[in-house]
K.L.:
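Here it is: the structure, laid out below.
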Amino acid sequence: MAKSPPLTSQTEDFPRWYQDVVAKAELAENGPVRGTMVIRPYGYAIWEAMQQEVDARIKAAGAQNAYFPMFIPMSYLEKESAHVEGFSPELAIVTHGGGKELEEPAVVRPTSETIINASFSKWVQSYRDLPLLINQWSNVVRWEMRPRVFLRTSEFLWQEGHTAHATQADAATYALRILTDVYQDFMVNVLAIPVLSGLKSPAESFPGAIRSLCCEAMMRDGKALQMATSHELGQNFSRMFDISYSDQDGKLVNVWQTSWGCSTRMVGGLIMAHGDDKGLVVPPKLAPTQVVIQIVRDGEGVTEAAEALKRNLTDDQIVGQIDVQKDDQRGTVEASKILIDNKTSVSFGRRSTDWEIKGIPIRVELGPRDVEEGVGILVRRDTSEKTPVPLQELPQKISATLQIQQQDMLAKASMRLEDHTSQTTTLEEATEQAQEGFARIPWKTLGVDGEASLAAKGVSVRCLLREDNTTPATLDEPNLIAVVGRAY
RNA sequence: CGGGCUGUGGCGCAGUUUGGUAGCGCACCUGCUUUGGGAGCAGGGGGUCGCCGGUUCAAAUCCGGCCAGCCCGACCA
């Protein structure tokens with residue numbers, strides 16, 4: 001009966017473990033063109049859950065969704081010099097269309113600052129038009145040398161926000177608001193991933209930005225992953241695209257801008273921040289399926305008990321989502337937060353393993369023996385803890401456990417981040433500590449030169465923080481701390 | 001673009017040294033027995049062996065050319 005484990009263990013080979021999880025949890029697979037990916041239904045359901053949460057927060061921050069074209073005139077990109085320099089190595093360029101060579105090549109958007117700002121210049125005339133707060137959900141293309149599913153693909157899905165403000169202060173405030181109220185809040189409270197919200201060093205800043213903010217997370221192998229960014233663009237684009245308005249005194253002034261984004265890379269971050277040797281672990285608040293009621297073996301009253309339990313869960317809205325009934329041929333309920341697994345033609349062990357690989361937060365084992373005893377076996381994915389619970393108490397117990405699991409996952413990840421972060425005072429020490437996790441070192445000790453020498457050893461400055469871990473407003477603040485580490 | 005490797009059913013691989021007409025595991029289909037931690041047995045379907053050319057009675061195997069992909073470096077949400 002004992003089989004070799006379905007996945008490579010994390011300690012044996014972390015990258016291999018990652019690929020195993022992506023494949024066996026049916027999240028994604030490689031597309032036919034190098035660097036592209038097919039996002040499978042379960043992976044896409046996770047992305048949709050992320051979208052829903054992020055989108056709600058973006059709207060709460062006052063931005064509206066819109067959509068801009070995927071094709072951008074080459075000349076637009078060339079208007080901002082740092083911007084085009086930063087992106088030109090990875091552009092996909094369309095030179096032919098309709099069987100003819102195009103008069104001007106069209107760039108497939110690597111990001112949409114330029115094309116959106118071309119519209120902004122038409123939309124903004126008066127101070128009354130400001131702030132202008134726009135977001136779009138789209139795909140973008142950056143031709144990557146070394147792609148990795150979810151983490152670095154040539155085409156990826158994301159959201160990009162673009163805003164125009166009357167003053168620099170207003171733009172700065174908004175960039176920070178997005179970072180904390182949208183990204184950080186989502187990551188901490190939904191993904192259960194603690195993040196460092198800081199300022200990028202000049203070397204790591206976005207091409208065309210005057211300042212870049214970011215949320216950095218630590219993966220279980222101690223490496224860093226940038227989960228989201230928020231930039232202050234100053235007037236770099238508004239000057240080039242002539243986005244100006246008449247102020248209250250009738251003077252013509254250029255706007256101050258921000259842009260910010262998060263992508264399908266977060267799915268990779270989710271896998272690597274919480275996953276264990278049994279597979280993915282999805283936090284309850286994000287999980288497309290929160291509970292699987294697993295019929296161990298059919299028998300007297302088992303199916304009825306499972307259905308009753310499901311009804312109780314949805315009727316009480318305990319799980320928090322309206323149940324969409326959609327039976328498929330296999331008799332499971334795929335489009336639901338609660339799923340009955342009655343596929344008893346497949347062995348119990350196989351089904352248990354499959355749900356674990358997918359990281360479903362709670363499994364309830366229900367068999368003839370349990371029904372006779374009037375219990376269900378509640379199994380937590382994060383701890384593997386099994387508890388027999390009387391059937392009538394199960395809905396409340398499940399609800400409580402989902403909440404506890406959400407908190408525990410964040411607590412565990414926070415502890416891991418703390419345990420793998422060390423205080424250092426010298427460059428040598430920081431380089432060494434960064435092999436196992438994050439190292440904190442005074443930015444004035446490190447400096448731009450120190451940053452360059454770290455880069456030679458595969459270590460980079462992930463972000464700059466104040467001593468109390470809050471986000472600095474500018475690079476000029478005294479006593480900034482650089483957090484350095486190896487990054488994806 | 002520099003260095004290493006690999007192309008054989010859906011996936012992972014053996015076979016290539018020494019040419020003889022394609023095999024294994026997983027997955028899939030059918031049936032029976034199973035089901036409390038990746039089930040067992042029996043039967044079955046599926047591959048012009050990356051592409052083009054050459055040598056030969058005969059090429060997955062030998063020779064020449066081309067193409068693609070993977071891993072390690074520089075770039076990156």
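Chain letters run A, B, ... following the sequence lines, proteins first and then strands; every chain starts at 1.
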K.L.:
Distance check needed: A77(B) P versus H231(A) NE2, whole Å only.
P.N.:
8 Å

K.L.:
Applying a 4.0 Å non-hydrogen cut-off, can you work out what P368(A) is touching in the nucleic acid: base, sugar-phosphate, or nothing?
P.N.:
base

K.L.:
Mind checking the P distance from G19(B) to A60(B)? Whole angstroms is fine.
P.N.:
14 Å

K.L.:
From the set C75(B), U35(B), G37(B), return the single nucleotide nearest to any side-chain atom of T344(A).
P.N.:
U35(B)

K.L.:
Is there a Watson-Crick or G-U wobble partner for C75(B) with both distances under 3.5 Å, and which nucleotide is it?
P.N.:
none

K.L.:
Is there a donor and acceptor pair closer than 3.5 Å between the side chain of D370(A) and the base of G36(B)?
P.N.:
yes

K.L.:
What nucleotide among C75(B), G37(B), G36(B) has an atom nearest to a side-chain atom of E144(A)?
P.N.:
C75(B)

K.L.:
On RNA chain B, compare the nucleotides closest to R297(A) and G261(A); which residue's is nearer the 5' end?
P.N.:
R297(A)

K.L.:
Which listed nucleotide (A77(B), G37(B), G38(B)) is nearest to the side chain of Q226(A)?
P.N.:
A77(B)

K.L.:
Going by purine N1 to pyrimidine N3 plus the second Watson-Crick contact, or the G-U wobble pair, all under 3.5 Å, which nucleotide sits opposite G31(B)?
P.N.:
C41(B)

K.L.:
Using both distances under 3.5 Å as the test, list the Watson-Crick or G-U wobble partner of U16(B), or none.
P.N.:
none

K.L.:
Looking at R142(A) and C76(B), is any side-chain donor or acceptor paired with a base atom of the opposite kind under 3.5 Å?
P.N.:
no

K.L.:
Rounding to the closest angstrom, what is the interatomic distance between U6(B) and G12(B) at atom C1'?
P.N.:
13 Å

K.L.:
Rounded to whole Å, please give me the gap between CG in D20(A) and P in G12(B).
P.N.:
12 Å

K.L.:
Side chain of T229(A): nearest nucleotide among G36(B), A77(B), C75(B)?
P.N.:
A77(B)

K.L.:
For T36(A) and N30(A), which I'm curious about, is there any donor-acceptor pair between the side chains at under 3.5 Å?
P.N.:
no

K.L.:
Rounded to whole angstrom units, what separation is found between the CZ atom of R148(A) and the P atom of A77(B)?
P.N.:
16 Å

K.L.:
R16(A) CZ to C70(B) P: how many Å, rounded?
P.N.:
16 Å

K.L.:
Between the base of G36(B) and the side chain of R351(A), is there any donor-acceptor pair under 3.5 Å?
P.N.:
no

K.L.:
Report the residue (Q19(A) or T153(A)) whose heavy-atom-nearest nucleotide on RNA chain B is the more 5′ of the two.
P.N.:
Q19(A)

K.L.:
Does the pair R380(A)/D382(A) count as a salt bridge with the N-to-O cut at 4.0 Å?
P.N.:
yes

K.L.:
Taking the P atom of each, how far is G10(B) from G50(B), in whole Å?
P.N.:
13 Å

K.L.:
Check step by step if side chain to side chain donor-acceptor pair (under 3.5 Å) holds for S197(A) and Q184(A).
P.N.:
CA-CA 7 Å; S197(A) 300; Q184(A) 182 181 289; 2.4 Å; yes

K.L.:
What integer number of Å spans the C1' atoms of G36(B) and C24(B)?
P.N.:
33 Å

K.L.:
Check the distance between C71(B)'s C1' and D13(A)'s CG and give it to me in whole angstrom.
P.N.:
11 Å

K.L.:
Rounding to an integer number of Å, can you tell me how far D298(A) CG sits from U35(B) P?
P.N.:
13 Å

K.L.:
Please give the distance between the C1' atoms of C67(B) and G45(B) as a whole number of Å.
P.N.:
32 Å

K.L.:
Under 4.0 Å, heavy atoms only, any strand: does V346(A) hit a base, just the sugar-phosphate, or nothing?
P.N.:
base

K.L.:
Quick one: does any side-chain atom of S212(A) pair with a main-chain N or O of F206(A) as donor and acceptor, under 3.5 Å?
P.N.:
yes

K.L.:
Let me know the distance between CG of D277(A) and P of G38(B), rounded to the nearest Å.
P.N.:
18 Å

K.L.:
Check the distance between C76(B)'s C1' and F87(A)'s CZ and give it to me in whole angstrom.
P.N.:
9 Å

K.L.:
By centroid distance (under 5.5 Å) and plane angle (under 30°), are F156(A) and A77(B) in a stacked arrangement?
P.N.:
yes

K.L.:
With rounding to the closest Å, how many angstrom separate the C1' atoms on G20(B) and A59(B)?
P.N.:
10 Å

K.L.:
Does K386(A) contact G37(B) through a side-chain donor or acceptor facing the base, at a distance under 3.5 Å?
P.N.:
yes

K.L.:
Using 4.0 Å as the upper bound for N to carboxylate O, is an ion pair formed by E113(A) and K79(A)?
P.N.:
no

K.L.:
Starting the side chain at C-beta, find the nucleotide from G38(B), A77(B), G37(B) nearest to R350(A).
P.N.:
G38(B)

K.L.:
For F14(A) and W17(A), take the angle between the two ring planes, folded into 0 to 90°, and tell me which bin it lands in: parallel under 30, tilted 30 to 60, perpendicular over 60.
P.N.:
tilted

K.L.:
Give none if C67(B) has no partner; otherwise give the nucleotide forming a Watson-Crick or G-U wobble pair with it, both distances under 3.5 Å.
P.N.:
G7(B)

K.L.:
Given H162(A) and F68(A), is the ring-ring contact (aromatic ring centres under 6.0 Å, His included) satisfied, shown in steps?
P.N.:
CA-CA 12 Å; H162(A) 300 270; F68(A) 296 83; 7.7 Å; no

K.L.:
May I ask which nucleotide in the shown strands pairs with C62(B), Watson-Crick or G-U wobble, both distances under 3.5 Å?
P.N.:
G54(B)

